[in-house]
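Take a look at the structure set out below.
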Amino acid sequence: MTALGLILRNLRLRRLSSVLTSVGVALGVMLVCAILLLRADLERHYLGPQEGYSLVVGAPGSALQLVLNTIYHVDQSPGLIPVSVWRELDAHPSTRLAVPYAVGDAFRGFRVVATTEAFFDPRFPHPAAKTTAGKFAAGGPFAVNPAELGAALDAVAAGRTAESENPGHAVVGHDVARTLGIRVGDRIEPTHGVGSEQAHEHEQLWEVVGVLRATGTPIDRVVLISLDSFYRIPDHAGGAVVPGSGEPGLSAVVLTPKAGMHKTVLLTTLNKRPDIQVASADREIRRLLGIVGRVDRLFLWVAVLVVLIAIMSVLVSVYATMRGRRREIATLRAIGAPRSLVFRVVAGEALLLVVAGALAGVVLGHGLVAVSSGAVEQAAGFSPDALGFLWEEAAVLLTVTLAGAAAGAIPALEAYRTDVARALNPGGTT
Amino acid sequence: MAVTLQDIRLVYPGAGGGEVTVLDLPHLVVGDAERLCVVGPSGSGKTSLLHIIAGIVRPTAGKVLHGDVDIAALAESDRDRFRARHIGYVFQTLNLLPALTSTENVALALTLAGESKRTATRRAVALLERMGLGHRLDARPDTLSTGEQQRVAVARAVVKEPALVLADEPTAALDDGAAASALEVLREAVDLAGSALVIVTHDARARGIATRTLALEAA
């Protein structure tokens, strides 16, 4: 019989305590893995999509809220800025591309963004493509008729609902099309408000003219409609004007500066204005991750502590059973087992308990992420990937295995040093 | 393979810096297939004698010759190997490994002696069947009666057909009927294996299976 055979049979004999000891390790590793997976997904979700975005211009208030609402489509917009700001920025000598956003509607759980064809400009970061056509999985972009947009803005400024005989056009993100089974040519009907309990239906339909390629960013979960059609919605006649001025409003303008010092120029000059704020997408997201990172580091340390306690419990468990097995160990030695075999058997028991617990913990960690993905998506706006495997998890497995080996070495050394004669004859009479 | 002990002394440090002589044995020979019964009061060094013959304890002085090999002069790992191949051991409390079945307990003695797992299992099963335990091959010790455990312990000691079987108070934990039966099982098994036997006991009946008796005095 090999050392492994003895290890497996010894663990089977004490199966309840073996399982409970391993479960302790598994729970600790599960927490560590789940936190690592969620943190990686959080970073992927928040760092990935903002790549390519530069500046976001919106109403004064929280810069982070402005970035989260505009780029990640979570939270509420801090307020409205006049449409004239967009026109001004579009004509600014430091601007490469200015894309207007008007938000506040939803279609069957997916947020709606009213914008212009600038959104489909190859210079807009997502979906990344060299041409406008390359951004589409099916169909193509919509285009805003300047005359119709002008008329709509005039109507809203005058306190009326804009009207047009032409239907509104929509482009849907990849996830929207896949989830709802939407195809080019379908008609959709967004509802006002992003919370379903406040929603009521509009009285007109938008024709879907395109489906965007998958980007892996929040854009996949957005419905885009033409900006002029946004102002035709009766609910928006009063709600889409900047309070106090009566001017038609936008939620934000996503601004791509020209290369060189132009970003700094825009940041410093525009931030002096009291009616708007300019937020750097990159800076705000890193600030957010910095705040979140401090919290998840705390959770991670707690989970690491749980793993350490579990490994200590393995040590205590194996050590306690080993002390009760001195006669058994002495018997093994007396029938010819070398010290090294005894060491391997005792150390192997601890190692196997830890490794089995660690492997189970990795699986449970992924399971926990899978089970909680719905709740995470609701709370943080992203769906974590439970099937991905991180190199950090391999590092956790290796570290826990080494710690288990170290923990097992202590009772194993005690077993190795067992005085066979004394253990066989504990009474001491000879 | 005869066992010859020459000028054996076993001394332990005593309290107050003195020495305690546990065993002082000028000469002992155990011949091939001889059955030696060692008797004596507690503290006379009976168990220490077995440990010295088995190479578990190295004497303070003297030679322990198994044939022409002095195991007292061997390194510990060599003594372990020698014991695994040439010496069977029956303990006072039987000491079957609780995690292993009857077959595995017996086969373990063979695998430690270098046999393959398959051969060890085949030989263990054959011996256990011959000893009337064919129906208890897969039973763990806690499900065996004391008599069955005794037979498994004896089977473990003799399965490798060692030159020498050492038995330390093998009937101490048994009632009268079981003790007599256990001694008979031991004698038959040792005869079958062609081994010499050294049995340490307080049980006067053990003399009945012995060819010679050695009486030790308290040192």
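Here is the naming used below: chain letters follow the sequence lines, and residue numbers restart at 1 for every chain.
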- [ ] Could you have a look at B:Ala99, B:Gly40, B:Gly88 and say which one has the most heavy-atom pairs with chain A under 4.5 angstrom?
- [x] B:Ala99
TODO: Check each atom of B:Arg85 against the heavy atoms of chain A and say whether the ones under 4.5 Å are side chain, backbone, both or neither.
DONE: neither
TODO: Heavy-atom distances under 4.5 Å only: say whether B:Arg156 touches chain A with side chain, backbone, both or neither.
DONE: side chain
- [ ] Grab the two heavy atoms, one from A:Ala334 and one from B:Phe91, that are nearest each other, plus how far apart they are.
- [x] CB-CZ, 3.5 Å
Open item on the list: Contact between A:Ile335 and B:Ile87 at the side-chain level, heavy atoms closer than 4.5 Å - yes or no?
Closed with: no
Open item on the list: For a 4.5 angstrom cut-off between non-hydrogen side-chain atoms, does B:Glu76 reach A:Arg333?
Closed with: yes
Task: Shortest non-hydrogen separation from A:Leu424 to B:Ile56 and the atoms involved - done: CD1-CD1, 4.2 Å
- [ ] Identify which of B:Val57, B:Leu96, B:Leu97, B:Thr121 forms the greatest number of heavy-atom pairs closer than 4.5 Å to chain A.
- [x] B:Leu97
TODO: Enter the distance from A:Leu332:CG to B:Leu108:CG here, rounded to the nearest 0.5 Å.
DONE: 6.0 Å
- [ ] Provide the closest heavy-atom pair for B:Asp80 versus A:Arg339 in the form atom of the first, atom of the second, distance.
- [x] OD2-N, 4.0 Å
Open item on the list: Can you tell me which of A:Val420, A:Asn10, A:Thr331, A:Leu8 forms the most heavy-atom pairs within a distance under 4.5 Å of chain B?
Closed with: A:Thr331
- [ ] State the CG-CG distance between B:Asp142 and A:Leu13, to the nearest 0.5 angstrom.
- [x] 7.5 Å
Task: Any side-chain heavy-atom pair of B:Asn95 and A:Arg327 under 4.5 Å - done: yes
Task: Closest approach of A:Ala421 to B:His51 (non-hydrogen atoms, all atoms of both residues) - done: CB-ND1, 3.4 Å
TODO: Measure distances from B:Gln92 to the heavy atoms of chain A and classify the residue's part below 4.5 Å as side chain, backbone, both or neither.
DONE: neither
Task: Over 12 non-hydrogen atoms of neighbours within 6.0 angstrom of OH in A:Tyr416 - done: no
